[in-house]
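If you're wondering where the values come from, they're calculated on a predicted model, not measured in any experiment. Letters A, B, ... mirror the listed sequences (proteins, then strands); counts begin at 1.
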Number of protein chains: 2
Amino acid sequence: MKSTNLYKGSLVTIILKLLNENDKMYGYEITQKVKEITKNELQLTEGALYPALHKLEAQGMLHVEISKVGNRVRKYYRLTEDGTKETVAKLAELESYIRNMRALVNPKFREG
Amino acid sequence: MKSTNLYKGSLVTIILKLLNENDKMYGYEITQKVKEITKNELQLTEGALYPALHKLEAQGMLHVEISKVGNRVRKYYRLTEDGTKETVAKLAELESYIRNMRALVNPKFREG
DNA sequence: TTTTATGCATAATAATTTTATGTATTACTT
DNA sequence: AAGTAATACATAAAATTATTATGCATAAAA
């Protein structure tokens, strides 16, 4: 992740949501998708991405499927059932975070 | 900071914005203000807050003014000029972050 | 009078990410 | 044909940030 330090803690949410939307993806593909969607504003670093994928897999959130394209190895990741549940939870957390930050930063968003 | 790990990296933004809005505040007051605004959803931990205030002071973003209320010491923090500039920058970063996260998480927010 | 609230502080630990590497295949350019 | 850029994985050391656990002390409330 290369950008502001605000993105700290957002990596898992991003990975889960993209997998939720795209069925299966491999690591490099995720980095490219993020660059594309954010118009180069956010670049996932490999040193953050791969350990995060491995951890999610170890936690049973993702299932891996190794594929070979020519002589090159690809690891396709897919959400498990638990991963899908976790995605929902993470998205709710993000909405809550955004709501709270908006309230903190903009008095207009503070309700009585 | 006690909540999701999404808040990692947001502490400085929160502190600067509250000081920008309230002219001067002391540490404990900041924790209470955050609780109030977020309706207890976000609790700043002292172990995070005080070191952050000290660091911002060392960086020249904040100016301290010690005050005594009864026998109790309070440290009022106030933005310096640099601190005010930094606040503007941090708020812009937050908006950018929210925009990017919305795009990542909600296809509706992706523009061509 | 004892608990809760106010008010500061720091140190050890944990978690997450950056930076720096490393390996290897494939495509593009000159 | 050779060199560079892109694709694709991986990990380890260092840095950053926050949590947890303390510690001290005053003031208010039960």
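If you measure from atom CG of B:Leu6 to atom P of D:dA18, you get 12 Å, rounded to the nearest angstrom. Atom CG in B:Leu44 sits about 15 Å away from atom P in C:dG7, given to the nearest Å. Across the protein-nucleic acid pair, A:Lys35 atom NZ and D:dA5 atom C1' stand 12 Å apart, rounded to whole Å. Atoms NZ (A:Lys24) and C1' (D:dA8) sit 16 Å apart, rounded to a whole Å. The distance between atom CG of A:Leu53 and atom C1' of C:dT16, rounded to the nearest whole Å, is 15 Å. Rounded to an integer number of Å, the gap from CD of A:Gln32 to P of D:dA6 is 10 Å. Atom-to-atom, CG of A:Leu49 to C1' of D:dA12 comes out at 17 Å; the value is rounded to the nearest Å. Look at NZ on A:Lys68: it is 10 Å from C1' on C:dT25, rounded to the nearest Å.
With sequence neighbours excluded, no residue forms a side chain to side chain donor-acceptor pair (under 3.5 Å) with A:Glu46. Contacts of A:Ser96 classified as side chain to side chain donor-acceptor pair (under 3.5 Å), with partners at least two apart in sequence or in another chain: B:Glu41. Every residue two or more places apart in sequence or in another chain that forms a side chain to side chain donor-acceptor pair (under 3.5 Å) with B:Asp23 is listed here: B:Arg78.
Taking CG from B:Leu19 and CD1 from B:Ile30, the interatomic distance works out to 5.0 Å, rounded to the nearest 0.5 Å. Rounding to the nearest 0.5 angstrom, the gap separating the CG atom in B:Leu42 from the CG atom in B:Leu11 is 9.0 Å. Rounding to the nearest 0.5 angstrom, the gap separating the OG1 atom in A:Thr38 from the CZ atom in B:Arg110 is 10.5 Å. The CD atom of B:Glu93 sits 7.0 Å away from atom CG of A:Asn5, with the distance rounded to the nearest 0.5 Å.
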Every protein N/O lying under 3.5 Å from an N/O of nucleotides 10-12 of chain C:
{"residue": "C:dT10", "atom": "OP2", "partner": "B:His54", "partner atom": "ND1", "Å": "3.4"}

Under-3.5 Å N/O pairs linking protein and nucleotides 15-17 of chain D:
{"residue": "D:dT17", "atom": "OP1", "partner": "A:Asn5", "partner atom": "ND2", "Å": "2.9"}
{"residue": "D:dT17", "atom": "OP2", "partner": "B:Lys55", "partner atom": "NZ", "Å": "3.0"}

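Stem analysis of DNA chain C (at least three stacked-register Watson-Crick or G-U pairs, each with both distances under 3.5 Å) gives C:1-30 with D:1-30.
The salt bridge (Lys or Arg N to Asp or Glu O under 4.0 Å) analysis of residues 51-62 of chain B, with sequence neighbours excluded, yields no pairs. For residues 9-19 of chain A, the set of pairs meeting the side chain to side chain donor-acceptor pair (under 3.5 Å) definition, not counting sequence neighbours, comprises A:Ser10-B:Tyr97. Among residues at least two apart or in separate chains, there is no salt bridge (Lys or Arg N to Asp or Glu O under 4.0 Å) pair with a member in residues 68-77 of chain A. Pairs engaging residues 41-84 of chain A under the ring pair (Phe, Tyr, Trp, His ring centres under 6.0 Å) rule: A:Tyr26-A:Tyr76 [sequence neighbours left out].
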Listed pairs under 3.5 Å, donor-acceptor, residues 80-91 of chain A side chains, sequence neighbours left out:
{"residue": "A:Thr80", "atom": "OG1", "partner": "A:Gly60", "partner atom": "O", "Å": "2.6"}
{"residue": "A:Thr80", "atom": "OG1", "partner": "A:Met61", "partner atom": "O", "Å": "3.1"}
{"residue": "A:Thr80", "atom": "OG1", "partner": "A:Asp82", "partner atom": "N", "Å": "3.4"}
{"residue": "A:Thr80", "atom": "OG1", "partner": "A:Gly83", "partner atom": "N", "Å": "3.0"}
{"residue": "A:Thr84", "atom": "OG1", "partner": "A:Thr80", "partner atom": "O", "Å": "3.1"}
{"residue": "A:Thr87", "atom": "OG1", "partner": "A:Gly83", "partner atom": "O", "Å": "2.7"}

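Between A:Gln32 and A:Glu29, every side-chain heavy-atom pair lies at or beyond the 4.5 Å cut-off.
Checking the phosphate oxygens (OP1, OP2) of D:dA8, a side-chain nitrogen or oxygen of A:Tyr26 falls inside 4.0 Å.
Screening B:Ile14, B:Val12, B:Leu18 for a side-chain contact (heavy atoms from CB on, under 4.5 Å) with B:Leu16, the sole residue that qualifies is B:Val12.
Using a 4.0 Å cut-off on heavy atoms, the residues of residues 69-79 of chain B that approach DNA chain C are B:Arg72, B:Val73, B:Arg74, B:Lys75, listed by number.
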